[in-house]
Peer 1: 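The structure follows.
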Amino acid sequence: MSSRPASGGAHRTSPRGALVLGTAGHIDHGKTALVRALTGVDCDRLPEEKRRGITIELGFAPLDLGEDVGRLSVVDVPGHERFVRTMVAGAAGIDFVLLVVAADEGVMPQTREHAAICRLLGVEHGVVALSKCDLADAEMRALARDDVRELLAPTALAGAPVVACSATTGEGLDALRAALAGCAREARARTPRTGPPRLAIDRAFAAKGFGAVATGTLVGSALEAGTQVEIHPRGLRARVRGLQTHGRDLARAEPGARTAVNLQGVDASALARGDVVSLPGALAPTRALDVRIDWLGPAPARGDAASVELLLGTAERRARIAPIGAPALAPGYAGFARIHVEGDPVVALPGDRFVVRGFARTREHGATLGGGRVVDVAPHLLRRSDPALARELAELDAGDAARALRTRASRAGARGLALAEFARESGLAAEEVEASVRALVAEGAIAPAVEGVVVDAAALEALARALAREVDAHHRREPLRPGLALGTLRSRAPGGASEAAVDAALRALVERGELVVEADLARTPSHAPTLDAATRALVERMRADAAGAGLEASAPREWAATLGVPIERFRDLAAHLEREGALVRAPGDLWFARAAVDALVARVRAHLGAHGEVDTAAYKRLTGTTRRTTVPLMELLDALGVTRRDGDRRVAR
């Protein structure tokens, strides 16, 4: 990082937004020399690269292509087979490619592997530089051109312009610039320009006087100086102290640009290639990915749990891969697969591109076996042979935000889908999530969000039916009771149902008039406590017992024994009589006839009117009972608001 002000005029990006150009090609075919001739920047910065004459690490340079195109970021990748991992790390963030093929050698092994990697990463635009033309006669140039055309014929780069050039003599460089400008005008951003800002680190170092610096290609949304960030998947927190693009200081870095981020609060030694700088909590680390993969034709077949090397963004992991809905990853297979990451988790979002490599060379593409794009970073735990899984992935792979939300909500069932979770695992911006929710609510596909959770309409209806059945069953089991306690009803909801989903289902039942919720009880609209002949006889006997006992009520267990019923049955009957107003329950679990309590209230009020207070002895005279029931009756009248305690006496409330 540098503290110097930006110089050299205003920074111009493409009118269509920042784009990144990446090189590709066999070792020693002149990629770095061409970049130097085009940009004036020598991307071989390491002493070992200078000594050996090959690119080992990624190199970066700005390329100005005129007012209508603006400035591109160029990523120069190594061509040696041993550095394919580094090549993929650089190619992961490019939007179009400069494929370099030496005219004196033609297509070579790494040309084929790099071209395959570009195809697997979804690079659809590019230019071919037929380099070192000063070393090739017309016949050699023609043969090399034919080789290139044959190589690219089955790919999206089939129509790419092929420009004969030489970094040594300058031949064809103006034509190459023009071809690159034309390609930049047609190319679209291959990497995301919405969602959380993400910078996959391809290099990290300590800058004297500045501290930790991480570089990479910024995707997603813009990143501003001063922003608090998280280093995923490690969970380290830092603050963006400064930003640069090709030596220019920025207050705000736009997506699609090669960016250096000066991080405060973290040591450079804690950063590594493969880490991702993003917002706190914006990404969900995972060890499982469902993907759409293209298995190369020359690649050997692989069955379940094949061991591979996963190259995702700038991360490298050992992993196991298995097909979904197919017995094996056969040569030329194109379909879904599940990847289990070994070791540290990765962070990714749907649409991210990846490459998988084996541990032995193939005839045409080196160790590269295949690649594709991420579909789901939180896979559904269904068997890979289950057709439902393939159907879900097809919906998620369609690239439609509303369809993805509906699929994920359906998968979540009665648990409900937290919108924050969906945003974190889809990479969608808040406004895209909100628009999808509105559209699906209008369709009736999901219920409106409750506490940030949406529920699939079918799952919600099934949950509502289950809750209604539970209330009906309760009425049948307990015909005396006025309803089922809401807390009990929630606890009996089908396994996995979230509180938000249960609340949404209850609200739907109430709105449709299928359930009544009063206080903390739920009942059907037609329910009323009912008594059979035997129960009516018991109730009448309890009325008579209570009237006869007056204020000398029996203890519940004694009363139940006298009636010849279990204590639980007694409590249900007493509660029924309380709801009818025949009994009053006092502290100490005593039940008194309402008429006896009303008469006591009248006597106490008269006493207070005459004396202003009532002590315990006076209370005993007013009740005509022992302390066993006098104290509970005193507390009952306090609870009824007739009296209040003042020391060891009561006064009128």
Peer 1: Would you please name every residue forming a side chain to side chain contact (heavy atoms under 4.5 Å, CB included) with Pro350, sequence neighbours left out?
Peer 2: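 So Pro350 forms a side chain to side chain contact (heavy atoms under 4.5 Å, CB included) with Val377.
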Peer 1: Begin from the C-alpha positions of Asp275 and Arg203 and carry the test salt bridge (Lys or Arg N to Asp or Glu O under 4.0 Å) through to its verdict.
Peer 2: CA-CA 10 Å; Asp275 292 346; Arg203 190 161 65 102; over 6 Å; no
Peer 1: Among residues at least two apart in sequence or on other chains, which ones pass salt bridge (Lys or Arg N to Asp or Glu O under 4.0 Å) with Arg438?
Peer 2: none
Peer 1: Taking ring pair (Phe, Tyr, Trp, His ring centres under 6.0 Å) as the definition, give me every residue that meets it alongside His232, ordered by chain and number, with sequence neighbours left out.
Peer 2: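 Per chain and number, His232 pairs via ring pair (Phe, Tyr, Trp, His ring centres under 6.0 Å) with no residue.
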Peer 1: With a 4.0 Å cut-off on N to O distance, would you call Arg357 and Glu113 a salt bridge?
Peer 2: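 Salt bridge between Arg357 and Glu113, a charged N being under 4.0 Å from a carboxylate O: yes.
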Peer 1: Are the charged groups of Arg353 and Asp294 less than 4.0 angstrom apart, N to O?
Peer 2: no
Peer 1: Take Leu65 and Leu180 through the side-chain contact (heavy atoms from CB on, under 4.5 Å) test and state the conclusion after the steps.
Peer 2: CA-CA 8 Å; Leu65 290 177; Leu180 289 171; 4.2 Å; yes
Peer 1: Just to verify, which of Leu310, Leu329, Leu296, Leu312 counts as forming a side-chain contact (heavy atoms from CB on, under 4.5 Å) with Val356?
Peer 2: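 So the option named by the test is Leu310.
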Peer 1: Name all pairs fulfilling the side-chain hydrogen bond (donor to acceptor under 3.5 Å, both in side chains) condition that reach into residues 421-434, sequence neighbours left out, sorted by first residue then second.
Peer 2: Arg408-Glu425
Peer 1: Using a strict threshold of under 4.0 Å (side-chain N to carboxylate O), is an ion pair present between Asp64 and Arg71?
Peer 2: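 Asp64 and Arg71: salt-bridged.
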Peer 1: Please give me the minimum heavy-atom distance between Ala24 and Val97, naming the atom from each residue.
Peer 2: CB-CG2, 3.8 Å
Peer 1: Quick one: list whatever passes side chain to side chain contact (heavy atoms under 4.5 Å, CB included) with Ser73, sequence neighbours left out.
Peer 2: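 Applying side chain to side chain contact (heavy atoms under 4.5 Å, CB included) to Ser73 gives Val20, His246, Arg258.
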Peer 1: Tell me, please, which residues at least two apart from Gln264 pass side-chain hydrogen bond (donor to acceptor under 3.5 Å, both in side chains).
Peer 2: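 side-chain hydrogen bond (donor to acceptor under 3.5 Å, both in side chains) check on Gln264 returns Arg239.
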Peer 1: Could you tell me which residues satisfy side chain to side chain contact (heavy atoms under 4.5 Å, CB included) with Arg403, sequence neighbours excluded, listed by chain and number?
Peer 2: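 Arg403 satisfies side chain to side chain contact (heavy atoms under 4.5 Å, CB included) with Glu395, Ala398, Asp400 once adjacent residues are dropped.
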Peer 1: Who pairs with Arg241 by side-chain hydrogen bond (donor to acceptor under 3.5 Å, both in side chains), at least two apart in sequence or on another chain?
Peer 2: none
Peer 1: Please report the shortest heavy-atom distance between Arg411 and Ala378, naming the atom on each side.
Peer 2: NH1-O, 3.0 Å
Peer 1: List the atom of Ala115, the atom of Leu151, and the distance in Å for their closest heavy-atom pair.
Peer 2: CB-CD2, 4.0 Å
Peer 1: Excluding sequence neighbours, so at least two apart, what forms side chain to side chain contact (heavy atoms under 4.5 Å, CB included) with Asp397?
Peer 2: Arg292, Phe336, Arg373, Val375
Peer 1: For Arg338, enumerate each residue passing the salt bridge (Lys or Arg N to Asp or Glu O under 4.0 Å) test, keeping only those at least two apart in sequence or located in another chain.
Peer 2: Asp290
Peer 1: Would you call Arg320-Glu342 a salt bridge at under 4.0 Å N-O?
Peer 2: yes
Peer 1: Run the salt-bridge test on Arg188 and Glu124 with the 4.0 Å N-O cut-off and return the result as yes or no.
Peer 2: yes
Peer 1: Set out, in order, the CA-CA distance, both residues' side-chain angles and the distance that settles side chain to side chain donor-acceptor pair (under 3.5 Å) for His380 and Glu392, then state yes or no.
Peer 2: CA-CA 9 Å; His380 197 179; Glu392 279 185 9; 2.9 Å; yes
Peer 1: Tell me the closest heavy-atom pair linking Phe96 and Val123, and the distance in Å.
Peer 2: CA-CG1, 4.0 Å
Peer 1: List in chain and number order the residues that pass salt bridge (Lys or Arg N to Asp or Glu O under 4.0 Å) with Glu451, two or more places apart in sequence or in another chain; answer none if no residue qualifies.
Peer 2: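 Checked Glu451 against salt bridge (Lys or Arg N to Asp or Glu O under 4.0 Å); zero matches.
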Peer 1: Please report the C-alpha distance between Leu34 and Val100 in whole Å, then the side-chain angles of each, then the deciding distance to 0.1 Å, and finally whether the side-chain contact (heavy atoms from CB on, under 4.5 Å) criterion is met.
Peer 2: CA-CA 9 Å; Leu34 271 181; Val100 180; 4.1 Å; yes
Peer 1: Among all residues two or more places apart in sequence or in another chain, which pass the salt bridge (Lys or Arg N to Asp or Glu O under 4.0 Å) test with Glu224?
Peer 2: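 Counting only residues at least two positions away or on another chain, Glu224 forms a salt bridge (Lys or Arg N to Asp or Glu O under 4.0 Å) with Arg252.
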Peer 1: Between His29 and Glu105, does a side chain to side chain donor-acceptor pair (under 3.5 Å) hold up when you go through it step by step?
Peer 2: CA-CA 8 Å; His29 274 205; Glu105 289 191 335; 2.7 Å; yes
